[in-house]
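The next block holds one structure in the form of structure tokens; read it before the comments.
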Protein chains: 2
Amino acid sequence: MLIAAAARVMARDGIAQTTTRAITAEAGMPRGSFHYCFRSKDELLRELATTVVGDMVQAAQDAQTDTGDLPADLRAALRAMFAAITEHPDEQLVLYELTTYALRDPETVELARWQYESYLRQATDYLDYVADRARIRWTLPIPVLARLVVTTIDGLALNWLPDRDTEIACQVLDAFAAHLASLAEPST
Amino acid sequence: MLIAAAARVMARDGIAQTTTRAITAEAGMPRGSFHYCFRSKDELLRELATTVVGDMVQAAQDAQTDTGDLPADLRAALRAMFAAITEHPDEQLVLYELTTYALRDPETVELARWQYESYLRQATDYLDYVADRARIRWTLPIPVLARLVVTTIDGLALNWLPDRDTEIACQVLDAFAAHLASLAEPST
DNA sequence: GTCTATAAGGAGATAGAC
DNA sequence: GTCTATCTCCTTATAGAC
């Protein structure tokens, strides 16, 4: 599959090196076959973006935990989401590359928008789920909280990539989890 | 100046289109002159990175305010830093492009590290300055708080770029400012 | 020293053989 | 339908004229 091959090349070598030649070589296919499956390289990149973003959101969903202790659950869930990222740094870097790439082209900026909307939807679902299970309600609007969560995870991962300081990242995450817990109050 | 020309091309067209041809054309110079000033394109990109990161840190420093009211000052400073970013979205996008580009090459990963160290240093200086002026001390280690600040501003800006929703970004920023203020206690 | 002209290689896309 | 061979364009870098 060309998309899977492109994903491997991209994770390994970065978006700049992800040429049609490299992709078809990775897939063990002749170069000519590329334009038999995709009209252009951009068309493949668009399909690839939806795939890797979907995988990422799925991984975040799988990281949810639920023991009933709100602060501990938040901390565990955030740590699990962050761990899912740091375990695959190259895949995470691909997501940033796809975002910046899409933002440069007016034709594909919609893709970056969709990407971060997907993140927000996942965070919103999680916050709703937690509120329901722990019988609390959030003291700030869910859209604001969801964006705060996405911002923190996404920003923390980007800050982590250059120095890979997992220790301090976890401390930041715990501080954020405590903040989030303080924004919950018992529901009536 | 070739670096200034490269910065303009990069902000306008993105890193992928920032070729030696485009740079020299922007500078009104013949193509051959490029390699008279720089050994290679990567050498210029390295110098350009230090320039734009320096400009960014300087802009953040200029955004500091001080009225004595801690929560209000934090809110105003964070908003000013964020405004400095959103007023120049293309320049901010360049910073992300430079980071992801540098992270892909073992030879230049040091540059990405230096970039985020610069952000951290700026945030650390700000937190120290605020603590001194408002006569408070932080209840979490400064390195953790500094990374939290950088993460939030940087992550929020990246989340803002696709949908440009300034309204909700400011709400997130205010929530974060309140959180930060709650992490201060009067110094003895 | 400055710049023109060109080299040498890699990119995406395609025409046409099988 | 599949793949080989090639086309055209664009990249960085350089050799050599002025």
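First the proteins, then the strands, lettered A, B, ... as listed; each starts at 1.
Between the CD1 atom of A:Ile23 and the P atom of C:dA11 there is a distance of 11 Å, given to the nearest Å. Rounded to an integer number of Å, the gap from B:Phe34 CZ to D:dC10 P is 19 Å. Per the geometry, CD1 belonging to B:Ile15 stands 12 Å off P belonging to D:dT12, to the nearest Å. Here C:dC3 presents its C1' atom at 10 Å from CE of B:Met29, a figure rounded to the nearest Å. A straight line from CG of A:Leu2 to C1' of C:dG12 spans 14 Å, rounded to a whole angstrom.
Side chain of A:Tyr36, nearest nucleotide from D:dA13, C:dT2, D:dG1: D:dG1. Distances from the side chain of B:Thr19 to the nucleotides C:dG12, C:dC3, D:dT11 place D:dT11 closest. Each of D:dA13, C:dA11, C:dA13 was ranked by its minimum atom distance to the side chain of B:His35; first place goes to D:dA13. When the nucleotides D:dA13, C:dG12, C:dG1 are ranked by their closest atom to the side chain of A:Thr20, C:dG12 comes out on top.
Under 4.0 angstrom from either OP1 or OP2 of C:dC3 there lies at least one side-chain N or O belonging to B:Ser33. Regarding contacts with the backbone of D:dT4, every side-chain N or O of A:Arg31 stays at 4.0 angstrom or more from both OP1 and OP2. For A:Arg21, no side-chain nitrogen or oxygen approaches OP1 or OP2 of C:dG10 to under 4.0 Å.
Hydrophobic clustering of Ile, Leu, Val, Met, Phe, Trp and Tyr side chains at less than 4.5 Å, counting indirect connections, keeps B:Tyr36 apart from B:Leu45.
Side-chain atoms of A:Asp154 and A:Tyr116 include a donor-acceptor pair closer than 3.5 Å. At a cut-off of 3.5 Å, with distance as the only test, a side-chain donor of B:Tyr96 or B:Gln92 sits close to an acceptor on the other residue.
Aromatic ring pairs are classed by plane angle as parallel below 30°, tilted from 30° to 60° and perpendicular above 60°; the pair A:His179 and B:His179 is parallel.
A salt bridge does not link B:Arg113 to A:Asp163: none of the charged side-chain nitrogens sits closer than 4.0 Å to a carboxylate oxygen.
For the segment residues 43-51 of chain B, no residue has any heavy atom less than 4.0 angstrom from an atom of DNA chain C.
For B:Arg12, the CZ atom is densely surrounded, since the number of other residues' heavy atoms within 6.0 Å is greater than 12.
Side chains of A:Ile85 and A:Met56 form a contact here, defined as non-hydrogen atoms less than 4.5 Å apart.
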